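To start, the structure itself, in structure tokens.
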Protein chains: 2
Amino acid sequence: MTKILIVDDEPDILEFLQYNLEKEGFEVETAIDGEEGLIKAHSKVPDIVVLDIMMPRMDGFEVCKVMRKDPKFDNTIITFLTAKDEDFSQIAALDLGGDDFITKPVSPRVFTSRIKALLRRHRGNESNVQDQIINIADLVIDKEKVLVKRKGEKIELAKKEFELFCLLVEKPGKVYTREEIFRKVWGTDVIVGNRTIDVHIRKLREKVGPIYIKTIKGIGYKFEF
Amino acid sequence: MTKILIVDDEPDILEFLQYNLEKEGFEVETAIDGEEGLIKAHSKVPDIVVLDIMMPRMDGFEVCKVMRKDPKFDNTIITFLTAKDEDFSQIAALDLGGDDFITKPVSPRVFTSRIKALLRRHRGNESNVQDQIINIADLVIDKEKVLVKRKGEKIELAKKEFELFCLLVEKPGKVYTREEIFRKVWGTDVIVGNRTIDVHIRKLREKVGPIYIKTIKGIGYKFEF
DNA sequence: AAATTTATTAACTCAATGTTAAATCTCTGT
DNA sequence: ACAGAGATTTAACATTGAGTTAATAAATTT
């Protein structure tokens, strides 16, 4: 089983990431600061370490530096986590031996898929470029460019709209309940104003075209073509 | 659990692949020729069929053609297996509805990772999605997609209709009393207007076909085929 | 044939969803 | 830090169709 260690000083973030990764079948350890992180990493060598950069006592860069000197962690993937406005150069992070760089806030979907992509990439085969572009019906969905094209025509979607659309598109035909959608896109069970999803669905239908998203009354929504 | 059917005329290959897939936790059936393969596929619809092309009596292409005509196997992945020097066009194989093409000889690692990749590609991840799909008579009931197919033709059911149908289908032959149906589908003992179930049964018979649901007068209803 | 149970049909009801606009939040550039 | 733009959420109201009911017909049992 894949072991993941998350180090972040915000308990909320820890709980949020732990919950979502465990749901995907990963074994998750958490630490509240760099020092605790190092101790836990030593006691049970993780496959992936997710390091927040800004932390009291010992920041993420420090933890990374220490780990990268220890051959014990040669096969451990390190990824950084940081708030968008903290202006740390990704280059610096990667120079220190980090493998990836994830900016907060991040939805559970994106986070787990980044983790999975890292695992795939690191374990050799399979280019991660392949699954960044989805070709379905007369649509092209480019996850990297956050762009949908319909018959060659560009359609600009907002972030939430795009993620919601991707969720539906990735399993055509599957019916997603509102609860599922909230969990996967919003990353919370707390049900926000209960017309929120409807409004996003409406915008998607307006922008992408009305034919792709179908309502299954009493259950939820699905993508179909 | 993911069910794999391997069809090859060389017992050594069968044993080799079976051993390695079972070690990975798959449920493996084998067949020594195309005809046996088809029979086994019908008796227990597999998630993946691995078909050798060169076989006596009925070759892999034939088996694929027959299977692809049967909507029962709509959710079954078919992959071909052939010796490197047999110069069959991959195009031909894929045109027939095959999903992949593996050349012998193949290492266990590569083979199982190809199988896993297929599962990932075809559905979300490699785990038990298939439990969500019931294959019975000429019907396919996909719980995730909230969809019934009869001979490949989509039948859209409303929520209650679908739940009621699933209840009956999951134990073919079992007679459900109205009280039982209320408890399990409506989740209440309070009996609503006592013609409600009849009306739902009527709609099911109208949409799915009249032959599947039988009335046991004085007791209740059952699914039979 | 009377009684009981189930089938059929159509009308009705209300919760779920659609729609719109305004309020609030979040980013971006200065 | 601030303003403005755009994204997201909330709230209020409209619409729809699934699910229910009710009334009547047909089937089955006694």
Side-chain angles (χ1 to χ4, degrees), chain A residues 82-87 103-107 109-110 146-148 155-168 175-182 184-222, chain B residues 146-148 155-168 175-182 184-188 190-222:
Chain A
T82 189
K84 195 174 258 174
D85 54 347
E86 291 169 14
D87 178 35
T103 53
K104 293 186 282 191
V106 63
S107 78
R109 281 191 65 254
V110 170
V146 191
L147 185 75
V148 176
I155 299 168
E156 303 215 336
L157 298 182
K159 198 165 56 183
K160 280 264 157 57
E161 287 161 15
F162 189 77
E163 281 194 29
L164 171 52
F165 197 54
C166 282
L167 176 70
L168 298 178
V175 180
Y176 287 88
T177 65
R178 282 142 193 287
E179 288 71 29
E180 250 177 309
I181 293 174
F182 263 118
K184 302 215 168 159
V185 178
W186 273 259
T188 168
D189 304 316
V190 183
I191 282 151
V192 200
N194 57 354
R195 295 266 67 70
T196 301
I197 289 180
D198 305 52
V199 175
H200 280 87
I201 292 283
R202 193 193 162 284
K203 288 215 158 176
L204 276 178
R205 298 214 256 232
E206 185 183 305
K207 289 185 181 178
V208 182
I211 61 168
Y212 303 102
I213 299 173
K214 218 184 154 197
T215 304
I216 311 301
K217 192 156 176 166
I219 308 180
Y221 298 95
K222 71 172 172 180
Chain B
V146 192
L147 185 74
V148 176
I155 300 168
E156 305 213 334
L157 300 182
K159 186 182 174 183
K160 280 264 157 58
E161 287 161 19
F162 190 78
E163 283 176 3
L164 171 52
F165 196 54
C166 282
L167 177 70
L168 297 178
V175 180
Y176 285 88
T177 66
R178 280 142 196 288
E179 287 71 29
E180 250 178 310
I181 292 174
F182 263 118
K184 304 215 166 160
V185 177
W186 273 257
T188 169
V190 183
I191 282 154
V192 202
N194 60 351
R195 294 269 65 75
T196 300
I197 288 180
D198 305 49
V199 175
H200 279 88
I201 293 284
R202 193 195 161 282
K203 286 210 162 174
L204 275 179
R205 285 172 171 156
E206 183 184 307
K207 288 185 180 177
V208 181
I211 61 169
Y212 303 102
I213 300 172
K214 288 210 166 63
T215 304
I216 311 301
K217 189 147 179 162
I219 307 178
Y221 299 94
K222 70 171 173 179

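So that the names make sense, note that chain A is the first sequence line, chain B the second, and so on, each numbered from 1. Only a predicted model underlies this, so the values are computations on that prediction, with no experimental measurement involved.
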Atom pair distance, as rounded to whole Å: [atom1] in [X] and [atom2] in [N]:
X	N	atom1	atom2	value
B/Glu206	C/dA10	CD	P	11 Å
B/Asp198	D/dA22	CG	C1'	13 Å
B/Leu164	D/dT20	CG	P	11 Å
A/Lys214	D/dG17	NZ	P	11 Å
B/Arg205	C/dT8	CZ	P	7 Å
B/Ile197	D/dA18	CD1	P	19 Å
A/Ile213	C/dG18	CD1	P	10 Å
A/Glu161	C/dT26	CD	P	17 Å

Start at the 5' end of DNA chain D and walk down; is the nucleotide closest to A/Lys207 or to A/Val199 reached first?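 So the residue in question is A/Lys207.
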
Less than 4.0 angstrom between a side-chain N/O of [X] and OP1 or OP2 of [N], yes or no?
X	N	answer
B/Trp186	D/dT20	yes
A/Arg195	D/dC13	no
A/Tyr221	C/dA16	no
A/His200	D/dT9	yes
B/Thr215	C/dT5	no
B/Arg202	C/dT9	yes

Would you check if A/Val185 and A/Lys160 make a side-chain contact, meaning some heavy-atom pair closer than 4.5 Å?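 The answer is yes; the side chains approach within 4.5 Å.
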
Does the pair B/Arg202/B/Glu206 count as a salt bridge with the N-to-O cut at 4.0 Å?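 Yes.
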
Straight-line distance of A/Lys207 NZ to A/Ile155 CD1, nearest 0.5 Å: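 Rounded to the nearest 0.5 Å, the NZ-CD1 separation comes out at 9.5 Å.
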
Check every strand shown and say whether B/Lys203 touches a base, only sugar-phosphate, or nothing at a heavy-atom separation below 4.0 Å.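 The residue B/Lys203 makes no contact with any strand.
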
Give B/Lys217 one of three labels, base, sugar-phosphate or nothing, depending on what nucleic acid heavy atoms sit under 4.0 Å from its own. base

Trace of the side chain to side chain contact (heavy atoms under 4.5 Å, CB included) decision for A/Ile181 with A/Trp186: CA-CA 7 Å; A/Ile181 293 174; A/Trp186 273 259; 3.9 Å; yes

Let me know which of B/Lys214, B/His200, B/Arg178 forms a side chain to side chain donor-acceptor pair (under 3.5 Å) with B/Tyr221.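 Exactly one pass, corresponding to B/Arg178.
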
